[in-house]
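What follows is a short report on a single structure.
Below, chains carry the letters A, B, ... as their sequence lines are ordered, and counting in each starts from 1. Quick note: numbers below take in every heavy atom, side chains included, and nothing from hydrogens, waters or symmetry partners. The shown structure was predicted, so the numbers you read here are calculated from the model rather than taken from an experiment.
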Amino acid sequence: MKKLLLLTLPLLLSVGAYAAGAIEGEIEKQPLNISAIIMFLIFVGGTLGITYWAAKRTKTAKDFYTAGGGITGFQNGMAIAGDYMSAASFLGISGLVYLAGYDGLIYSIGFLVGWPIILFLISERLRNLGKYTFADVAAYRLKQAPIRTLAAFGSIATVILYLIAQMVGAGKLIQLLFGLPYELAVVLVGTLMILYVTFGGMLATTWVQIIKAILLLSGATFMALAVLSHFGFSLDAMFTAAIEVHGKGEAIMAPGGLVSDPISAISLGVALMFGTAGLPHILMRFFTVADAKEARKSVFYATGFIGYFYILTFIIGFGAIIMVLNNPEYLDLAKQAISGGSPILGGKNMAAIHLSHAVGGNFFLGFISAVAFATILAVVSGLTLAGASAISHDLYANVFNKHGEVDEAKEMKVSKIATVVLGILSIFLGIAFEQQNIAFVVGLAFAIAASANFPVLFLSMFWSKLTTRGAVIGGSLGLGTAILLVILGPIVWVAILGNAEAIFPYKYPALFSVSVAFAGIWFFSITDKSDAAAKEIEAFEAQDIRSQTGIGAEGASSH
Amino acid sequence: MTKEQIEQVKNNPKYQKLVSERSRFAWTLSIIMLVVYYAFIMTIAFKPELLGTKISSGVVTIGIPIGIAIIFIAFILAGIYVRRANGEFDQLTKEVREELGDMA
């Protein structure tokens with residue numbers, strides 16, 4: 001039945017030249033979007049130039065992993081924002097506002113409030129203790145091999161899941177916006193990311209993220225201003241117009257059904273907050289600045305940029321309700337013929353893209369399309385670098401090479417090989433998952449980050465009685481619980497595997513899996529009476545002094 | 001770091017002041033952020049219609065300024081922390097390191 005639908009769908013869709021469904025089934029290839037391609041080529045040319053410049057400055061392992069530690073707080077804040085504001089949050093949240101109004105804002109707030117907590121409790125300790133990866137901190141006074149293996153496993157799992165989501169999103173978006181075939185789009189993203197990371201390391205990745213953040217923020221600002229000026233900068237007039245055209249009427253001004261029960265609400269909050277604090281590509285950014293002072297400034301600026309961006313997406317979503325909804329130009333006639341209503345071309349996630357056309361014509365549509373592509377490139381580069389570092393710095397240099405010092409040049413070579421392998425792997429995964437339902441992927445990545453990476457990292461810095469045994473068993477339990485509950489939950493068990501009812505009723509497992517991790521770490525630490533455990537507990541004081549004062553911390557090198 | 005050095009740092013009054021004041025400050029701000037966020041989330045879970053209350057005669061509901069205000073609170077709390085940490089606390093850290101001399 002599904003096959004039949006897939007076969008007949010393109011036929012039906014070809015009725016409208018623009019027709020496409022972004023989530024499922026075949027996407028109709030779009031006519032080539034010339035202005036978007038030109039702007040994208042300018043971006044690629046510029047970033048490859050930066051990569052060439054960065055490659056000449058990337059000589060040591062420290063340069064490769066942390067850009068020499070010489071990034072300023074402001075630059076790093078911008079880069080963190082560039083790393084965090086993915087195409088999913090730009091298109092997804094504005095699409096959610098377009099669809100449900102106020103509910104979109106609830107998500108934005110959840111994605112933001114983790115940042116101040118990271119600043120207050122984590123950022124400066126992380127900077128004072130770590131060198132290249134967050135495993136440096138977690139394994140500081142514990143046994144290197146088991147802790148780094150666990151941390152690397154958590155990092156690589158998070159990175160690969162996130163990469164799948166980005167690659168599939170990239171392929172579909174580019175197909176829709178630029179008129180390029182899906183496979184070509186995925187190969188293009190993979191290749192560019194390999195080039196940025198292998199040659200330019202963290203320095204090139206940082207600048208790609210900074211440029212992307214500037215482009216995205218200015219594009220979104222322009223769109224929001226265009227919407228507001230349309231209503232003489234009266235919010236009242238804008239909301240009134242939106243209520244008039246939206247099918248849900250006044251309901252778009254209040255919380256709807258997005259978060260319905262308290263358990264889901266808390267669990268989502270836990271996943272977003274602790275998940276953010278356990279994302280390896282985000283944690284790695286704290287090692288690119290000179291000291292704790294710059295690390296704090298980074299988070300302050302990042303919070304500002306990200307918060308501002310979410311306010312913009314809220315206005316953009318409402319703008320799309322007024323200017324895109326019911327506008328025949330963006331109506332998906334083929335889909336309307338099947339299911340009625342007023343679906344827009346490419347689905348709700350294209351609301352912001354259509355709005356860019358409504359307010360700025362073809363030229364601005366091209367600009368925003370190019371920005372969306374740049375956004376994906378910046379995010380996948382950061383992810384790949386974090387994954388490669390976990391392989392080279394944690395696994396290769398500190399687990400497999402326990403005996404004797406590791407040659408720095410060799411470690412860097414391993415890192416570059418790992419980058420290429422991860423890049424090729426993500427191209428294959430991107431192609432393999434084209435027709436799969438990947439709705440669970442980002443949720444699972446956040447759940448693993450919150451349940452495996454975060455508890456071990458947090459307790460290693462705050463709890464003197466943590467031992468290797470506790471961290472390894474508790475962290476693994478958290479990881480296993482997160483994966484198991486996602487499989488048994490409504491998204492995989494019901495929507496993908498086709499069972500009638502979910503064994504685990506909640507969409508977000510974080511509340512449970514994070515609790516399991518903390519309880520496991522606590523229990524297996526306090527019952528650990530070995531000599532090694534006693535030594536690890538004793539070593540906490542020296543670690544704490546360094547984390548509080550930065551005595552003995554890694555400094556910066558100047559460029 | 002030797003045992004004696006650790007004792008020396010721990011007994012340094014400025015170090016004690018730095019650690020106790022900074023952690024109290026950081027945890028207070030964290031708790032404020034958590035209370036604000038979870039109060040918002042709990043309202044959505046238990047009494048969503050509260051956020052749908054209209055302000056005066058217009059169409060704007062109270063939920064919109066509240067939502068935007070939480071974004072501003074996150075930014076302002078971050079600013080408050082950075083201001084004190086990069087000023088007062090960093091000065092204290094510098095003094096501690098100077099007093100400890102060679103070790104640092």
Side-chain angles (χ1 to χ4, degrees), chain A residues 73 102-103 105-106 108-110 112-117 119-121 124 235-236 239-240 242-243 250-251 253-266 268-269 273 291-293 296-297 299-304 306-308 310-311 314 541-542 544-546 548-552, chain B residues 1-3 5-6 9-10 15 18-19 22-23 25-30 32-34 36-38 40-46 48-54 58-64 67-68 70-79 81-83 85-86 89-90 93 96-97 100 103-104:
Chain A
Y102 192 81
D103 278 357
L105 190 61
I106 303 174
S108 300
I109 290 171
L112 185 73
V113 291
W115 282 104
I117 311 270
L119 168 66
F120 306 148
L121 301 178
E124 57 197 276
L235 285 175
D236 227 38
F239 289 130
T240 311
I243 291 168
E250 285 194 348
M253 301 297 288
L258 184 72
V259 191
S260 44
D261 65 294
I263 302 274
S264 294
I266 301 173
L268 175 66
M273 197 174 265
D291 51 29
K293 191 189 232 72
R296 290 183 208 112
K297 277 194 210 162
V299 193
F300 171 67
Y301 289 121
T303 310
I306 297 168
Y308 171 65
Y310 285 141
I311 294 175
F314 190 62
E541 283 190 326
D544 195 43
I545 289 169
R546 172 162 162 178
Q548 299 276 4
T549 60
I551 293 173
Chain B
M1 226 177 242
T2 63
K3 269 209 168 100
Q5 284 176 321
I6 291 172
V9 179
K10 275 171 62 189
Y15 177 76
L18 171 72
V19 170
R22 185 169 53 196
S23 59
F25 190 52
W27 282 105
T28 310
L29 292 178
S30 303
I32 295 174
M33 190 72 250
L34 288 170
V36 167
Y37 176 57
Y38 278 103
F40 177 67
I41 287 293
M42 287 302 141
T43 315
I44 290 162
F46 290 107
E49 62 277 11
L50 216 64
L51 291 170
T53 317
K54 283 196 188 114
V59 289
V60 180
T61 55
I62 189 110
I64 288 173
I68 305 291
I70 296 175
I71 294 179
F72 275 96
I73 289 171
F75 182 61
I76 290 165
L77 289 178
Y81 181 79
V82 171
R83 204 185 146 87
N86 282 5
F89 294 148
D90 269 1
T93 311
V96 171
R97 291 178 70 145
L100 293 172
M103 207 192 308

With ring centroids as reference points, do B:Phe75 and A:Phe300 lie under 6.0 angstrom apart?
yes

Could you look at B:Phe89 and say if it's the side chain, the backbone, both or neither that has a heavy atom under 4.5 Å from chain A?
neither

With respect to chain B, which residue among A:Ile243, A:Ile117, A:Ile109 yields the maximal number of heavy-atom pairs within a distance under 4.5 Å?
A:Ile109

When heavy-atom pairs shorter than 4.5 Å are enumerated against chain A, which of B:Asp90, B:Thr43, B:Ile73, B:Ile76 gives the highest number?
B:Asp90

Below 4.5 Å, heavy-atom pairs only: which of A:Phe239, A:Tyr102, A:Tyr301 has the largest tally toward chain B?
A:Tyr102

Atom group of B:Phe25 that falls short of 4.5 Å from chain A, counting heavy atoms
neither

Would A:Gln548 and B:Val96 satisfy side chain to side chain contact (heavy atoms under 4.5 Å, CB included), going step by step from the backbone distance to the final call?
CA-CA 11 Å; A:Gln548 299 276 4; B:Val96 171; over 6 Å; no

NZ/NE/NH1/NH2 to OD/OE distance under 4.0 Å, B:Lys10 and A:Asp544:
no

Tell me which of these, A:Met253, A:Glu541, A:Lys297, A:Lys293, has more heavy-atom pairs under 4.5 Å with chain B than the rest.
A:Lys293

Residues A:Glu124 and B:Arg22 bridged, charged N to O under 4.0 Å:
yes

Can you tell which part of B:Leu29 gets under 4.5 Å to a heavy atom of chain A, answering side chain, backbone, both or neither?
both

For the candidates B:Ile62, B:Ile64, B:Thr61, B:Leu77, which exhibits the highest count of non-hydrogen atom pairs separated by less than 4.5 Å from chain A?
B:Ile64

Does any N or O in the side chain of A:Thr549 come within less than 3.5 Å of the main-chain N or O of B:Thr93, such that one atom is a donor and the other an acceptor?
no

Applying side chain to side chain contact (heavy atoms under 4.5 Å, CB included) to A:Val299 and B:Tyr81, what does each step give before you reach the verdict?
CA-CA 11 Å; A:Val299 193; B:Tyr81 181 79; over 6 Å; no

Most contacts with chain B, counted as non-hydrogen pairs under 4.5 angstrom, among A:Leu121, A:Ile311, A:Thr240, A:Ile263
A:Leu121

Which region of B:Leu18, side chain (C-beta onward) or backbone (N, CA, C, O), has a non-hydrogen atom less than 4.5 Å from a non-hydrogen atom of chain A, or is it both or neither?
side chain

